[in-house]
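Here is the structure we will look at, set down as structure tokens.
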Amino acid sequence: MEKAYDPKSIEQNLYKTWEENDYFSPKGGDNSYCIMIPPPNVTGSLHMGHAFQHTIMDALTRYHRMKGDNTLWQPGSDHAGIATQMVVERLLDKEGKSRHDLGRDAFIDKVWEWKEHSGGTITRQMRRLGDSCDWSREAFTMDDDLSNAVLEVFVRLYEEGLIYRGQRLVNWDPKLLTAVSDLEVESHEENGHLWHLKYPLSDGSGHLVVATTRPETMLGDTAVAVHPDDERYQHLIGKTIKLPLTDREIPIIADDYVEKDFGSGCVKITPAHDFNDYEMGQRHNLEMINILTPTAHISDAAPEAYRGLDRYEARKKIVEDFEQLGLLEKIEPHKLKVPRGDRSGVVIEPYLTDQWYVKIAPLAEPALKAVKDGDIKFVPENWSNTYYHWMENIQDWCISRQLWWGHQIPAWYDNEGNVYVGRSEEEVRQKHNLGDAELRRDEDVLDTWFSSALWPFATLGWPEETPELETFLPTSVLVTGFDIIFFWVARMIMMGLKFTGKVPFKEIYITGLIRDEHGQKMSKSKGNVLDPIDIIDGIDIDSLVDKRTTGMMNPKDAEKIAKRTRKEFPEGIAPYGTDAMRFTFCAMASTSRDINFDLNRVEGYRNFCNKIWNAARYVLMNAEDQDTGIKGGDMTLSVADRWITSELQKTITEFEKAVANYRFDLASNALYEFTWNTYCDWYLELSKPILYGDEYSDAEKRGTRHTLVSVLETLMRLLHPFMPFITEEIWQRVAPLTGIDTTEHSSIMLQAFPVSETDLIDDKAEQDIEWLKTIIVGVRNIRGEMNIAPGKPLNVLFRNGSEQDKSRLASYRTFLSKLAKLESIEWLEAGQEAPMSATALAGKMEILIPMAGLIDVEQEMARLGKEKEKLEKEQQRISGKLSNKNFTDKAPEAVVNKEKEKLEEVESTLNKVAEQIKQLESL
RNA sequence: GGGUGGUUAGCUCAGUUGGGAGAGCAUCGCCCUUACAAGGCGAGGGUCACUGGUUCGAGCCCAGUACCACCCA
């Protein structure tokens, strides 16, 4: 084995072997376990959030596979309508073409071509992460099977009246020229203005003042509203306004939606361009005037002077015209929430169009109930409240998009404008006896999330009744971020219940978001993005800077980012390997809080990998080609052997408990702690005296070799779900030494997960080792504090030992001598004069290190002084507690007794320390 | 405006029936000891945001305040 762990040399080969041997497909027993991947966009590459979630999913998948479950991790990707279409359009743009130059069919061919060409990025990355998903089942939302499921769902919902077409206000993206759903709109506060406009009354008796953040919409005003109880305007209700810049007269109406205290208390109403005004327009039967074109220019419905102007040019001109007419009262700076398209970034316009909608209330009700009844459980639980709140206020879902890339809506129109919905044109003609009448298919496609909503059952073969559907639905757990609970999770639940009668998954594990080490969101524009692959393979600083700064809109930002990046990573990023990164994610995955990703943590866990690697080296050096007991022969287990085996059982139990609660952080800690602080720091050291010492028998050496390899072999299986590569590599070498035939059992990933055996728990061994550790640590402490070289052999004296201490020393003298580097250990009889010594305590027993030529008196005084101070504080605290009658009366007896014992112990220790100090002082 | 989460060591974070404040990294000291210097051994470092309450006892429970983050209107 190489002296240092080198992930590069092992990872990719191992993955290839696993995949070629078809280890990823389900082949377990009766219990099925299934995770559906949240399908990433084909456009994209995996970011840190994916890497995090994939680590969790893969850990769960590997864990359950090893437990013998029939385990499927279903992979696939999403066609991501808008995002993908934008990417391809941008490519066309570089050739100076638009999609319209190509035409719909040619454009779609182009998208497919692009997908074939560059859609493999994600699956390649997933392989690098070690994702053990069943690639033979890889799905894509635009595949024939899934497209059929989409058709089927659309038609059935339509036939039930749950899909309808209607003219309403939608969120219109004037750049992408499509409707988008509420969820695709992001509103953020921006600085704007509030324009106060004077609207003259028709009878010439004065004017009202209305305030607006969008003056251009006044061209579409069809009323002015006041609050019905507002005394100031009572007499005006029912009168009319002469709308400036137009020749229209509009009514003054009363509606209690109006806030009396905001602005003048008068509100201009533009039903065709504002959601609230739309509602009010419905209530009051107001005319709707659509003054915008799809590209947000002023339409022909407006006075000629403004037609064809861009919305912001029109705004400017209208304000100027008001001013000229003396009708501009004032302009105030104003902060407002500006809605922007999450893809295009342009300001969204509420816009009146024909769109398709899903009537959501009938679907939402059972979906709400499923969570309330506990058929679906959120982890952590508090996300269910967010879910309830959303589901109880859910609006109908606009599902049509004016795009080309996606599932085209299966609706046809005849020349009279009738609409027919069916699985195909043929079916429609037949069903409605249309003969060969001219039919035109609806050009729109469905919202990407429509097909995503069917993902859990469509990938398993629905609408066919497949065995997979029977076996894996409901799936076990969905692992995802809270940002798509509404986009995706809720819709899967609704559709799943509707079409399969089953919940799509039993649990939803909500992960936190990955942020940078300062808690900033990772984004291209901030230049703080980390690519998981760069953490695995490493990257030099120049390449990293290039990566972060290419394609920046603003060259100034690029400069800033380059500078910051160079400062933060002067040497670039070291290659940490997949396992180190995965373990980092696991270790940081506490209860769905956001995670500030710190590369220092990765480095720490890379070191952990190296520790494991070297522990394995040590074990192999001492066990390979040697007698590990698999061929029989007497075997005697030492106290250390029994102890480490006992500790291992406890670690397994702890791990199981943590994973059952999705506490991967606690699980990782248990593994880390056992591996490093227990197995490496103590057990491997304890094994050395036995293996290297002449005083131990063959049976004892055999027992220790056996324990070394069997604990390591078990530990590899325990670690495997989190660190698949290094554990496989080591297991392949260690397993044969435990008698496992690796030609038959070819991979750790198909081995059984360790089971904790309670009869291997050994309290006596644990106490004995505890005793050993106390003494060794005591001696080391003196060495450390006194600056005595670790290698310098010491003579020690024990005093005031009990019978147990004496028998322990008799049994474990070699361990003590070797681990504490002692030359001699001798008993001092009670009352026997001790030489001047530094002391430590193991219970009541004193450990004395004679100081002649070794120890500085003042230093030892200082050390003991510190010790004394600590003990006195503790003594004070406890005795204070115990002298409080309230405490002794009211606290449970067990607690009080515990405190009493503690006090006794502290006081006896304190006495001994004080005695030592006195002795030193007397010199 | 409504809601959710957070505030613990210099940094990143654990702390699950309320009963001795923890880890990793960073810092300091000693050591290249025959698995590992990506290491070993030891040490220092915290009014657990603030105020009040419940309790014999609060990092933990309750009320309020401040600040931060996110979601919704």
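Chain A is the first sequence line, chain B the second, and so forth, proteins listed ahead of strands; every chain is numbered from 1. Note that the structure is predicted; figures quoted are calculated from it, not measured.
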Pair A/Tyr387 + A/Phe486: ring centers closer than 6.0 Å: no

Who pairs with B/G5 - Watson-Crick or G-U, where each distance is under 3.5 Å: B/C68

P gap between B/C41 and B/U33, integer Å: 14 Å

Sugar-phosphate, base or nothing in reach of A/Arg877, heavy atoms under 4.0 Å: sugar-phosphate

Sugar-phosphate only, base, or nothing, as touched by A/Asn385 at under 4.0 Å among non-hydrogen atoms: nothing

ring-ring contact (aromatic ring centres under 6.0 Å, His included) partner of A/Phe608, the single match among A/Phe583, A/Tyr576, A/Tyr5: A/Phe583

Sugar-phosphate only, base, or nothing, as touched by A/Asn884 at under 4.0 Å among non-hydrogen atoms: sugar-phosphate

Distance in angstrom units between A/Leu599 CG and B/C11 C1', rounded: 14 Å

B/G3 OP1/OP2 closer than 4.0 Å to side-chain N/O of A/Tyr387: no

Residue A/Glu874, side-chain heavy atoms: nucleotide from B/G24, B/C36, B/G20 that is nearest: B/G20

Contact nearer the 5' end of RNA chain B, comparing A/Met621 with A/Asn661: A/Asn661

OP1 or OP2 of B/C36 under 4.0 Å from side-chain N/O of A/Lys3: yes

Side chain to side chain, A/Asn276 and A/Val267, heavy atoms closer than 4.5 Å: no

Between B/C13 (C1') and A/Arg515 (CZ): distance, integer Å: 16 Å

B/G20 versus B/A35 - spacing of their C1' atoms, nearest Å: 37 Å

N/O (side chain, A/Lys866) to phosphate O (OP1/OP2, B/A43) under 4.0 Å: no

Sugar-phosphate only, base, or nothing, as touched by A/Glu685 at under 4.0 Å among non-hydrogen atoms: base

Donor + acceptor pair across side chains of A/Gln53, A/Thr511 (<3.5 Å): yes

Rounded distance in Å between the P positions of B/A49 and B/A58: 15 Å

Touch class at under 4.0 angstrom, heavy-atom based, for A/Arg663 against every strand present: base

Gap in Å between the two P atoms, one belonging to B/C31 and one to B/A69, rounded: 48 Å

Heavy-atom closest contact (A/Ala51 atom, A/Met581 atom, distance): CB-CE, 4.4 Å

Complementary nucleotide of B/A23, counting Watson-Crick and G-U pairs under 3.5 Å: B/U12

Any strand: nucleotide that pairs with B/U55 via Watson-Crick or wobble, under 3.5 Å: none

Interatomic distance where CG belongs to A/Asn622 and P belongs to B/A35 [whole Å]: 7 Å

Nearest-Å distance for atom pair CZ/P, residues A/Phe52 and B/C13: 12 Å

Electrostatic pair A/Lys377:A/Glu507 at N-O distance under 4.0 angstrom: yes

Strand partner of B/A38, provided both Watson-Crick or wobble distances fall under 3.5 Å: none

Side-chain ion pair, A/Glu904 and A/Lys898, N-O less than 4.0 Å: no

P-based separation of B/G46 from B/C11 [nearest Å]: 13 Å

Nearest-angstrom distance, P atom, B/U65 to B/G57: 26 Å

A/Asn886 vs B/U55: side-chain N/O to OP1/OP2 distance below 4.0 Å: no

A/Lys688 to A/Tyr618 six-membered ring, cation-pi geometry met (6.0 Å, 45°): yes

Side-chain-base donor-acceptor pair under 3.5 Å for A/Lys688 and B/A35: yes

Touch class at under 4.0 angstrom, heavy-atom based, for A/Ile878 against every strand present: nothing

Length of the CD1-P vector between A/Ile514 and B/U12, whole Å: 15 Å

d(CG, A/Asn393; C1', B/U4) in whole Å: 16 Å

Contact nearer the 5' end of RNA chain B, comparing A/Ala587 with A/Leu666: A/Ala587

Carboxylate-amine/guanidinium proximity below 4.0 Å for A/Glu860 and A/Arg863: yes

N or O in side chain of A/Asn614 less than 4.0 angstrom from B/G39 OP1/OP2: no

Sugar-phosphate only, base, or nothing, as touched by A/Tyr5 at under 4.0 Å among non-hydrogen atoms: base

Between B/G40 (P) and A/Ile776 (CD1): distance, integer Å: 16 Å

For atom CG of A/Leu671 and atom P of B/A14, their distance in whole Å: 18 Å

Presence of A/Trp682 side-chain N/O under 4.0 Å of B/G40 phosphate oxygens OP1/OP2: no

Partner nucleotide of B/G45 by Watson-Crick or wobble geometry (both distances under 3.5 Å): none

Sugar-phosphate only, base, or nothing, as touched by A/Arg606 at under 4.0 Å among non-hydrogen atoms: base

Proximity to the side chain of A/His389 - top-ranked nucleotide from B/A35, B/G19, B/C72: B/C72

Inter-nucleotide C1' distance (B/G53, B/A14), Å rounded: 28 Å

Sugar-phosphate only, base, or nothing, as touched by A/Leu620 at under 4.0 Å among non-hydrogen atoms: nothing

Sugar-phosphate, base or nothing in reach of A/Cys609, heavy atoms under 4.0 Å: nothing

Separation of the C1' atoms in B/G19 and B/G3, to the nearest angstrom: 35 Å

